[in-house]
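Inspection log for the structure reproduced underneath, given as structure tokens.
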Amino acid sequence: MKILVLIGAPGSGKGTQAKQIVDKYGYEHVSTGDMLREEISQKSLLGLEAKKAIDAGQLVSDEIVIGMMKTKLQTIKSNGCVLDGFPRTLAQAEKLSKMLIEEYNKDIDKVIYINVSLNAVIDRMAGRLTCSVCGASYHKIYNMPLVEGVCDLDGSKLYVREDDVAEVVHKRFDTYMLNTFPVIAYYKHKNLLDDIDGEIEIAKITEKIFSSLEF
Ligand code: AP5
Ligand code: MG
């Protein structure tokens with residue numbers, strides 16, 4: 001069982017690269033953002049609570065997200081998983097290691113940090129399209145679907161995420177710098193982190209990630 005963490009700013013390409021890793025290694029993609037959006041679409045209590053934070057560009061509480069992840073980790077059947085967007089706070093990072101030890105008797109194998117600037121984030125969010133069913137990301141210029149408005153993977157409709165408006169994107173980036181940037185330093189200190197330039201072509205980033213995963 002391999003445990004990978006993808007960490008990076010909003011729009012850094014975590015979801016895009018997670019799909020490539022899943023295709024190549026058969027790992028399970030675990031995105032807390034996708035899980036929260038699913039709760040919102042089902043109008044669950046948790047979803048209603050999460051929506052307030054997401055719409056404001058803030059983090060959902062550690063309590064909710066850690067609880068959701070604990071349940072998820074108990075269901076993983078494949079030979080590995082890619083955690084996309086978790087952990088995002090030091091409290092989540094510490095709790096993740098504890099949960100992994102309890103469930104699988106091991107810690108994280110590797111943390112991939114996709115390193116991008118605020119300018120790249122703003123540019124990408126302005127053109128992102130997301131699959132309404134599987135959550136796959138596309139871009140109007142950099143990563144176009146084969147058929148306009150339709151997901152290549154499952155044929156579902158693409159939409160613009162509500163939190164991709166410029167004002168919320170700025171807030172999400174500030175939230176990331178405040179809460180998630182220290183997590184990067186934490187994993188660097190633990191010697192688990194690979195820092196990958198996230199401002200090159202998608203396929204080149206994938207190549208770099210694959211070579212980093214040859215462990
Ligand atoms: P989440 O859905 O995880 O959002 P995020 O972290 O802000 O990241 P995104 O999904 O927006 O971007 P991405 O890095 O996946 O980039 P993508 O591959 O799509 O979380 C949403 C919200 O949920 C959070 O704000 C928070 O409120 C809450 N939440 C989630 N997890 C939480 C947690 N653990 N704790 C508390 N709250 C939590 O790519 C972006 C665009 O760029 C696409 O258009 C893509 O096609 C394009 N692109 C990708 N790579 C490249 C490239 N190399 N060159 C050009 N374009 C590219
Ligand atoms: Mg994503």
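For the numbers below, each heavy atom of this structure counts, side chains included, while hydrogens, waters and symmetry mates do not. The residues of the chain are indexed from 1 along the displayed sequence. Each ligand, and each atom within it, is numbered from 1 in the order the structure gives. Because the structure is a prediction, the values reported are computed rather than measured.
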Looking at ligand 1, does Lys140 have a heavy atom less than 4.0 Å from it?
no
Does Val165 reach the side chain of Val169, with side-chain heavy atoms less than 4.5 Å apart?
no
Gln92 side-chain N/O to Arg88 backbone N/O, donor-acceptor pair under 3.5 Å
yes
For atom 27 (O) of ligand 1, find the nearest protein heavy atom and state the residue, atom name and distance (0.1 Å precision).
Gln58 O, 2.6 Å
closest protein heavy atom to atom 32 (C) of ligand 1 is Arg88 NE, 3.2 Å
Within the structure, is a non-hydrogen atom of Ala9 found at a distance of less than 4.0 Å from ligand 1?
yes
Numbering as shown, the atoms of ligand 1 that approach His139 to under 4.0 Å (heavy-atom distance)
44 (O), 46 (O)
Might you confirm whether atom CD of Glu103 has over 12 heavy atoms from other residues, nucleotides or ligands at distances under 6.0 Å?
yes
Side chain or backbone of Tyr176 under 4.0 Å from ligand 1, or both, or neither, by non-hydrogen atoms?
neither
Taking atom 9 (P) of ligand 1 as the reference point, the nearest protein heavy atom with its distance
Arg128 NH1, 3.4 Å
With heavy atoms of Ile205 as the reference, note each atom of ligand 1 found under 4.0 Å away.
53 (N)
Identify, by atom number and element, the atoms of ligand 1 in contact range of Gln92, meaning under 4.0 Å from any of its heavy atoms.
33 (C), 34 (N), 35 (N), 36 (C)
Of all the heavy atoms in Gly8, does at least one lie under 4.0 Å from an atom in ligand 1?
no
Lys106, NZ atom: more than 12 neighbouring heavy atoms under 6.0 Å:
yes
Those atoms of ligand 1 less than 4.0 Å from some heavy atom in Tyr142:
55 (C), 56 (N)
Would you check whether Glu201 has a nitrogen or oxygen atom less than 3.5 angstrom from a nitrogen or oxygen atom of ligand 1?
no
Evaluation steps, side-chain contact (heavy atoms from CB on, under 4.5 Å), between Tyr104 and Ile76:
CA-CA 11 Å; Tyr104 300 108; Ile76 290 171; 3.6 Å; yes
What protein heavy atom sits nearest atom 53 (N) of ligand 1, and how far away is it?
Ile200 O, 2.9 Å
Pair Phe210 and Tyr25, ring centroids less than 6.0 Å apart
yes
At a 4.0 Å threshold, what atoms of ligand 1 neighbour a non-hydrogen atom of Ile54?
22 (C), 23 (O), 27 (O), 28 (C)
contact_flag Ser31 ligand 1 heavy-atom lt 4.0 Å:
no
Please state which part of Arg161 comes within less than 4.0 Å of ligand 1, counting heavy atoms only: side chain, backbone, both or neither.
side chain
Given Glu39 and Lys51, is the salt bridge (Lys or Arg N to Asp or Glu O under 4.0 Å) satisfied, shown in steps?
CA-CA 9 Å; Glu39 293 285 344; Lys51 189 173 185 331; over 6 Å; no
Closest non-hydrogen protein atom to atom 37 (N) of ligand 1, residue and atom name please, with distance?
Val60 N, 3.0 Å
Which atoms of ligand 1 have any heavy atom of Tyr138 under 4.0 Å away?
43 (C), 44 (O), 46 (O)
What protein heavy atom lies closest to atom 13 (P) of ligand 1? Include the residue and the distance to one decimal.
Lys14 N, 3.5 Å
Output yes when the distance from some N or O of ligand 1 to some N or O of Leu59 is under 3.5 Å, and no in every other case.
no
So if I count the atoms of ligand 1 from 1 in the order they appear, which ones are less than 4.0 Å from some heavy atom of Gly15?
13 (P), 15 (O), 18 (O)
If only atom types and distance count, is the side chain of Glu49 paired as donor or acceptor with the main-chain N or O of Ile64 below 3.5 Å?
no
Distance from atom 18 (O) of ligand 1 to nearest protein heavy atom, with residue and atom
Thr16 OG1, 2.5 Å
Which residue and atom name correspond to the protein heavy atom nearest atom 31 (N) of ligand 1, and how close is it?
Thr32 OG1, 2.8 Å
At a 4.0 Å threshold, what atoms of ligand 1 neighbour a non-hydrogen atom of Arg37?
2 (O), 21 (C)
Within 45° cone and under 6.0 Å: Lys2 NZ/CZ vs Tyr27 ring:
no
